[in-house]
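Just so you know, these numbers come straight off a predicted model, no measurement behind them.
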Amino acid sequence: MKRRTTLAVGVGAVAAAAGLGGALWRQSRTSGAPAAALWPLQFDRPDGGRLVMAEFRGQPLVLNFWATWCPPCVKEMPELDRFHRDFAARGWQVVGLAIDGPTPVREFLQRVPVSFPIGLAGFGGTELGRELGNVTGALPFTVLIGSEGRVAHRKLGETNYAELTGWARALR
């Protein structure tokens, strides 16, 4: 009997969390809020040098927060890279911000190279994600910013090529 009660409480907690998560997800899906917090920032790059976010201002941007220890993040990296390669000629930029340490990111990128720039945001990048609408701080988190500098779409969770191309076409 005690096990059944514990199980029921656990299932109830999961259901409540899912309901809250769903509400937060619906609340933060789209916005139109300016991405002003992003433009003054700079990040170290895993291959050396600096990633200067102001260089992407005025262009449509897919900004992806990810980590090497996050399975859905790892799974979506080739999808983001394909989008970058296919849409760069149309003015689109993709930037990955790693919420991770430099060594794991470098090792990951040796195994799974990508053609878009990666910045080492570290765990402090979680706060930037929150400023852009990721109220839970979970990963992966993707933000689509229009060329006018406003957040056009947000997604908490794994994305894919078809979804990214749909967002890009809807924004143009």
Side-chain angles (χ1 to χ4, degrees), residues 20-67 70 72-100 105 109 113-172:
L20 175 61
L24 292 171
W25 163 242
R26 284 187 294 279
Q27 179 182 10
S28 68
R29 278 182 57 192
T30 58
S31 172
L38 181 64
W39 309 124
L41 300 177
Q42 296 185 24
F43 302 96
D44 289 333
R45 294 180 61 138
D47 56 355
R50 301 285 287 163
L51 178 66
V52 179
M53 295 309 300
E55 292 176 1
F56 301 100
R57 195 172 196 162
Q59 303 167 48
L61 174 67
V62 174
L63 181 64
N64 180 259
F65 294 81
W66 68 286
C70 165
C73 300
V74 169
K75 185 177 175 189
E76 74 182 2
M77 289 300 272
E79 301 284 302
L80 289 158
D81 193 51
R82 180 178 169 205
F83 176 84
H84 173 72
R85 285 182 279 112
D86 290 353
F87 280 74
R90 301 176 200 176
W92 281 89
Q93 300 293 319
V94 176
V95 170
L97 291 181
I99 311 299
D100 209 332
V105 172
L109 292 173
V114 295
S115 57
F116 58 88
I118 300 289
L120 297 169
F123 295 108
T126 304
E127 185 55 38
L128 174 61
R130 282 192 174 98
E131 289 181 43
L132 294 172
N134 184 355
V135 295
T136 65
L139 295 174
F141 178 61
T142 304
V143 182
L144 185 124
I145 301 169
S147 57
E148 75 293 339
R150 300 184 84 65
V151 173
H153 194 86
R154 298 179 183 115
K155 180 170 185 187
L156 181 58
E158 184 181 328
T159 190
N160 59 57
Y161 181 81
E163 189 169 53
L164 292 166
T165 58
W167 296 343
R169 289 188 177 116
L171 190 61
R172 286 285 174 151

Legend entry - Close side-chain approach of Leu80 and Val114, heavy atoms under 4.5 Å: no

Legend entry - Val135 and Arg130, any side-chain heavy atoms less than 4.5 Å apart: no

Inset, instruction - Check Val143, Val95, Leu128 against Leu38 for a side-chain contact (heavy atoms from CB on, under 4.5 Å) and give me the one that passes. - result: Leu128

Inset, instruction - For residues Leu139 and Cys73, report the shortest heavy-atom separation together with the two atoms involved. - result: CB-SG, 3.8 Å

Inset, instruction - Answer whether the closest heavy-atom distance between the side chains of His153 and Leu171 falls below 4.5 Å. - result: no

Legend entry - Note, Phe123 side chain near Ile99 side chain (heavy atom, < 4.5 Å): yes

Legend entry - Beyond-backbone contact of Phe43 with Leu97, side-chain heavy atoms, under 4.5 angstrom: yes

Inset, instruction - Only counting residues at least two apart or in another chain, list the ones meeting side chain to side chain contact (heavy atoms under 4.5 Å, CB included) with Ser115. - result: Asp81, His84, Arg85

Legend entry - Residues that Phe83 engages under ring pair (Phe, Tyr, Trp, His ring centres under 6.0 Å), provided they are two or more places apart: Phe87, Trp92

Inset, instruction - Output the distance between atom CZ (Arg45) and atom CZ (Arg50), rounded to the nearest 0.5 Å. - result: 11.5 Å

Legend entry - Closest approach of Glu158 to Pro140 (non-hydrogen atoms, all atoms of both residues): N-CG, 3.7 Å

Between side-chain atoms of residues 54-63 and protein atoms elsewhere (two or more places apart, or another chain), which donor-acceptor pairs fall under 3.5 Å?
unit_1: Gln59; atom_1: OE1; unit_2: Gln93; atom_2: NE2; d: 2.9
unit_1: Gln59; atom_1: NE2; unit_2: Glu55; atom_2: O; d: 3.2

Inset, instruction - I would like to know whether Trp66 and Val105 meet side-chain contact (heavy atoms from CB on, under 4.5 Å); could you show each step before the answer? - result: CA-CA 10 Å; Trp66 68 286; Val105 172; 4.2 Å; yes

Inset, instruction - Indicate yes or no: at least one non-hydrogen side-chain atom of Ile118 is less than 4.5 angstrom from one of Met77. - result: yes

